[in-house]
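A short worksheet on the structure shown next.
All of these numbers come straight from a predicted model, not from anything done at the bench.
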Amino acid sequence: MSIPSIYALMLTNKDTVPRVYYGDMYQDDGQYMEKQSIYYDAIVSLMNTRKSYVSGGQTMDVDEHGLLKSVRFGKDAMTASELGTNETRTEGVGVLVGNDSSLKLNDSDTVTLEMGAAHKNQEYRAALLTTSDGIVTYDADNDAPTIWTDDRGTLTFSNKEIAGQDYTSVQGFANSQVSGYLAVWVPVGASDDQDARTAALTDANLDDKVLHSNAALDSNLIYEGFSNFQPKATTNDELTNVVIAKNANLFEKWGITSFEMAPQYRSSGDHTFLDSTIDNGYAFTDRYDLGFETPTKYGTDKDLRTAIKALHQSNMQVMADVVDNQVYNLSGQEVVSASRAGVYGNDVSTGFGTQLYAVNSVGGGKYQAQYGGEYLNELKQQYPDLFEAKTYDYWVKNYSNDGSDPYYTLSQNTRKDMPSSEVIKQWSAKYMNGTNVLGSGMGYVLKDWNTGQYFKIGEKNADFITN
């Protein structure tokens with residue numbers, strides 16, 4: 001398998017809202033969007049194919065050669081037998097994916113894509129094919145290899161080139177882009193501005209479900225538009241949010257409907273671990289500092305507003321990577337007791353809970369003090385249910401102590417009323433459900449290790465803390 005092959009399946013699959021990752025399209029050894037990856041052309045081609053052709057029902061299976069075959073029939077055709085409409089005729093897509101780089105068909109072998117009755121006796125063209133050197137993409141009908149379906153709507157391939165057209169035989173390859181085989185075929189005759197997507201209805205759904213499986217949901221495409229390891233900008237024009245604003249129309253052209261931005265917080269900059277060294281917004285002291293006064297790694301607060309406006313004007317919603325729990329390097333300390341949960345949710349046997357633990361849990365910065373809690377009343381007016389007590393059922397995934405044999409149990413809990421009058425201008429341990437860099441505070445509270453008693457802190461004439 002390969003990255004382009006994975007995207008070919010994700011971007012054409014039904015009942016899926018796929019996500020395209022910036023780091024698959026661009027390299028980290030340059031400024032934002034400066035250096036395209038070796039997969040860039042293939043992923044862009046697949047996004048364009050999705051926008052113009054991917055719709056309708058789907059079949060997916062694996063043939064006797066180990067090739068995965070995925071077919072979308074086009075709008076108004078949900079099964080292979082449906083004839084659909086004139087719009088169906090120029091939509092739909094066929095995908096062949098294999099992971100055997102040594103695949104060789106015999107002369108008598110064939111590989112078929114059953115495109116459906118709506119597409120019988122129709123000319124198809126390649127959108128993407130595999131070569132010995134990598135992937136070649138085709139953006140228009142006039143320069144692409146072609147093939148015709150038969151009177152049942154079936155495309156048939158073999159180990160021979162189709163009418164002498166390069167790269168149209170089916171075989172395994174091993175190169176920097178594909179290990180195995182990948183081909184994508186679409187109908188000839190679509191207009192340059194064909195859009196196979198379905199717009200969402202504006203009517204409210206009253207069935208208490210957030211998502212509904214339908215063509216409108218399938219038409220969504222998320223772009224995770226950042227990489228943790230992107231270098232810091234050297235000029236204002238290189239700042240991430242400045243570049244995003246300038247390229248909003250390009251993202252819309254790709255068919256992006258939701259743009260996910262990096263965490264916009266100013267990193268703590270203390271360089272004690274990875275996130276606070278590369279300043280990616282995942283370790284911050286002030287959760288309200290979005291680039292006020294001086295830029296973050298991504299730009300100023302003004303740059304952020306400009307980028308969001310540009311994306312909205314290009315018909316995209318903007319998603320925030322909210323990491324409110326990753327407050328880090330607060331300046332004030334408290335002494336607490338704590339427990340520790342392992343990766344499987346089980347309590348881990350440590351000194352936490354039986355020893356006192358020094359944590360950096362007090363503080364929050366200038367903008368936490370300025371904006372903390374300032375919008376609670378407004379939020380309560382708009383979303384009162386968020387502040388009301390609620391009893392809810394939920395499933396808990398459990399594991400044995402070694403992490404094996406997961407099983408689920410139904411549990412119930414009641415959320416208390418959220419007080420809109422309690423504003424957080426400064427963090428403290430009572431608001432935290434965890435600490436960063438576990439273990440860094442353990443043992444910093446003075447203890448008589450012979451008796452297990454803790455010395456009192458900041459008090460004279462008293463040696464030990466009373467249990």
Contacts satisfying salt bridge (Lys or Arg N to Asp or Glu O under 4.0 Å) that involve residues 28-39 (not counting sequence neighbours) are Asp29-Lys35

Short N-O contact, Arg415 and Glu388, less than 4.0 angstrom:
no

Output the distance between atom NZ (Lys104) and atom CD (Gln171), rounded to the nearest 0.5 Å.
8.5 Å

So, using salt bridge (charged side-chain N to carboxylate O under 4.0 Å, His left out) as the criterion, who are the partners of Asp195 when residues are at least two apart?
Arg197

Run the ring pair (Phe, Tyr, Trp, His ring centres under 6.0 Å) check on Tyr288 and Tyr367 step by step: do they pass?
CA-CA 5 Å; Tyr288 284 92; Tyr367 296 102; 8.8 Å; no

Can you list everything that forms a ring pair (Phe, Tyr, Trp, His ring centres under 6.0 Å) with Tyr407? Sequence neighbours excluded, please.
none

Could Lys246 and Asp237 be called an ion pair, given the rule that one side-chain N must be under 4.0 Å from one carboxylate O?
yes

Kindly compute the distance separating OG (Ser70) from CG (Asn13), expressed to the nearest 0.5 Å.
6.0 Å

According to the interplanar angle, ranging from 0 to 90°, do the rings of Phe173 and Tyr181 count as parallel (below 30°), tilted (30 to 60°) or perpendicular (above 60°)?
parallel

Rounded to the nearest 0.5 Å, how far apart are CG of Asn247 and NZ of Lys253?
12.0 Å

Does the side chain of Leu128 reach to within under 4.5 Å of the side chain of Tyr138, using non-hydrogen atoms?
no

Assess whether atom CG of Asp393 is packed by more than 12 heavy atoms of other residues, nucleotides or ligands within 6.0 Å.
yes

Tell me, do Leu239 and Asn236 make a side-chain contact under 4.5 Å, heavy atoms counted?
yes

Mind checking whether Trp427 and Tyr431 have parallel, tilted or perpendicular rings, split at 30° and 60°?
perpendicular

